[in-house]
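When reading the values below, keep in mind they use all heavy atoms of this one structure, side chains included, and skip hydrogens, waters and symmetry mates.
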Amino acid sequence: NDKVSLFLMDYANRRRLKIIGYISQVDEHDWEKLASLEDDHYRARVERGFIIKIAAFDWNCPQHITPRYTEAELSALIAPLEEKIKNLTELSDKHERSMPRNTSTLGNGELSLVISGVRQLTPDIRAYELRSPSGEPLSKIDAGSHIQVPIMLTDNASGNEAQHWRRYSISSNPNRTDCYEIAVKRENNGGGGSIAVHQQYQLGLILNCKTPQNFFSLVKTADDKTQQAQIKQNPHVVLIAAGIGITPIKSMALALLHQETKTAIKAGSNEYTHEEKSQQDHSQQTFELHYAGRSEKDMAYADRLTRQLGDKLHLYPSKSGVKLSIEKLLKQHVSTKKISDTQFYFCGPVAMLTELKNTAKALGINADNIHYEQFSVELNETAKACELTLTQSNLQVAVASDQSLLDAVLEAGVEVPFSCQSGQCKSCVVQVSPIADIQHLDNCLTEQERSSGKMCLCVSRPKGEGLMVSL
């Protein structure tokens, strides 16, 4: 059927022309005819040519034509949008110029991983799936592990690019060996690391990372090598996450869920003796997850965890009027009279961590039952400048009030091992006098180690103006 009708609309003048005719397509090899049909003012690419032989036309009544914008009115309306597009283009060009020169590989770590997937979890949180470039299985990790990934940052003073490292928790199921997943929240007012990740990390980019480490593992109360250990009493676990702190906590929840499922399957298969099954029924490890955020749309993995954990998950979207009370939560567990067994794991803002530790102390909860992770430690606003005397190096090192002891020692040219820089790994532990008055801010030393004069250079500092350190 070669019949065709066209409606030509003139909204500005509220007129409509209807054309009726017969249409035929110009042969794609008839270049002369196609050229004759070209319109210099037509901006789109011409794909096909048609000729319509008009049989009739008609002007329709304008009373039902809704007035539309004139070209001048439309130009005025889109002018601000065009200006915004121009500004965004300039910003994009600036960011592109700051990208590393070689965008196929990045970093000089010992573990090569390729970005095989990118997902936008929330408006400002993006997940990156990392796999072996050769497809080989990755090393199995424990829940709570993190990985150091490379980024390129531009020095504001020199304008030169340099490689830096950033640590991100591995949020995927720790039982998976096909990939690691990290989730990165873009912090516009941060140190630039998260912005660099969002700008530089693209599908296919190979990252030469550092091997995963774990300073925030679940407490192991049983030896998995023996059947008797598997039915040993396990403590109840309370997982607490706020904001992007869900990343290591999610991994822990999945590990505990896997262990729970595994235990249930084994119990149902009659592998336990009657006595062992009776013991196991009373010793199965239980857990719950409390997750706080601004709103559910801002809470990464909330939908997935809801499906996986069911009633073990408790969400606290503050914009909906549901707020997590640390004090109320801890008091609930104190009232169960099982607080000596319950293990608490937390990852979130410093203020909430401080509240957790203070409340736990006030309720008499053993400090060894409180576990937490923080990738950075904010210097205490009351911190004062001090001076270190390095007894082995015979050096005096001045430490500014806004500087860590570790940074000051490294600037002085003294080599000292370090890793996490957040008081969790013990790499930078040094010996000081047992009677020295120290403000300990680490999360790795026992009270016995602290009383013997051990101190973490990266986060702790003397309360006085001077300190002798065995370095």
Within this structure, what is the [atom1]-[atom2] distance for the pair [X] and [Y], rounded to the nearest 0.5 Å?
X      : Y      : atom1 : atom2 : answer
Asn173 : Ile170 : CG    : CD1   : 12.0 Å
Arg167 : Cys209 : CZ    : SG    : 14.0 Å
Asp303 : Leu121 : CG    : CG    : 8.5 Å
Ser404 : Leu441 : OG    : CG    : 11.5 Å
Ile125 : Tyr301 : CD1   : OH    : 8.5 Å
Tyr180 : Ser145 : OH    : OG    : 8.0 Å

Verify, without hydrogens or angle tests, whether [X] (side chain) and [Y] (backbone) share a donor-acceptor contact under 3.5 angstrom.
X      : Y      : answer
Tyr291 : Ile249 : no
Gln120 : Thr122 : yes
Arg15  : Leu8   : no
Gln200 : Met152 : yes

Student check: side-chain heavy atoms of [X] and [Y] closer than 4.5 Å:
X      : Y      : value
Leu471 : Val409 : yes
Leu111 : Asn208 : no
Tyr316 : Lys323 : no
Tyr201 : Ile151 : yes
His146 : Asn214 : no
Ile51  : Ile23  : no
Thr105 : Leu207 : no
Leu457 : Phe418 : no

Residues forming a side chain to side chain contact (heavy atoms under 4.5 Å, CB included) with Cys179, sequence neighbours excluded: Glu129, Arg131, Arg176
Can you pull the salt bridge (charged side-chain N to carboxylate O under 4.0 Å, His left out) pairs that have at least one residue in [range], sequence neighbours excluded?
range            : result
residues 26-38   : none
residues 406-426 : Lys426-Glu449
residues 106-128 : Arg119-Glu181, Asp124-Arg294

Looking only at side chains, do [X] and [Y] share a donor and an acceptor under 3.5 Å apart?
X      : Y      : result
Glu373 : Ser169 : yes
Ser194 : Arg166 : no
Tyr168 : Thr247 : no
Thr342 : His236 : no
Ser295 : Asp298 : yes

Check against side-chain contact (heavy atoms from CB on, under 4.5 Å), Val416 and Leu410: CA-CA 7 Å; Val416 57; Leu410 292 173; 3.6 Å; yes
Shortest non-hydrogen contact from [X] toward [Y]:
X      : Y      : answer
Ala183 : Ile244 : O-CD1, 4.0 Å
Phe57  : Leu17  : CD1-CD1, 4.0 Å
Gly109 : Trp165 : N-CH2, 3.7 Å
Tyr372 : Asn443 : O-ND2, 2.6 Å
Cys456 : Asp442 : SG-CB, 3.7 Å
Ala398 : Ala408 : O-CB, 3.9 Å

Ile54, CD1 atom: more than 12 neighbouring heavy atoms under 6.0 Å: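 Counting neighbours around CD1 of Ile54, 12 or fewer heavy atoms of other residues, nucleotides or ligands fall under 6.0 Å, so no.
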Show me the donor-acceptor pairs within less than 3.5 Å that the side chains of residues 134-141 make with the rest of the protein, sequence neighbours left out.
from, atom 1, to, atom 2, distance (Å)
Ser134, OG, Ser132, OG, 3.1
Lys140, NZ, Asn175, OD1, 3.4

Audit row: Met252, Phe287, side-chain contact (heavy atoms from CB on, under 4.5 Å) steps and yes/no: CA-CA 10 Å; Met252 290 180 170; Phe287 75 95; over 6 Å; no
side-chain contact (heavy atoms from CB on, under 4.5 Å) between Leu405 and Cys428, worked out: CA-CA 10 Å; Leu405 305 189; Cys428 66; over 6 Å; no
Check: His333 ring centre within less than 6.0 Å of Phe344 ring centre: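 They qualify: ring centres under 6.0 Å apart.
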Please list every donor-acceptor pair under 3.5 Å in which a side-chain atom of residues 350-363 meets a protein atom from a residue at least two apart or in another chain.
from, atom 1, to, atom 2, distance (Å)
Thr354, OG1, Val350, O, 3.0
Asn358, ND2, Thr354, O, 3.3
Thr359, OG1, Glu355, O, 2.7

Quiz item: cation-pi between Lys18 and Trp59, 6.0 Å / 45°: no
Tyr22 six-ring face occupied by Lys53 cation (under 6.0 Å, within 45°):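 Verdict for Tyr22: no cation-pi partner in Lys53.
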Whether His290 and His314 hold their rings parallel, tilted or perpendicular, with breakpoints at 30° and 60°: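 His290 and His314: parallel rings.
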Basic-acidic side-chain contact under 4.0 Å: Lys331, Glu327: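 Yes.
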Check against side-chain contact (heavy atoms from CB on, under 4.5 Å), Glu387 and Val399: CA-CA 6 Å; Glu387 185 174 79; Val399 185; over 6 Å; no
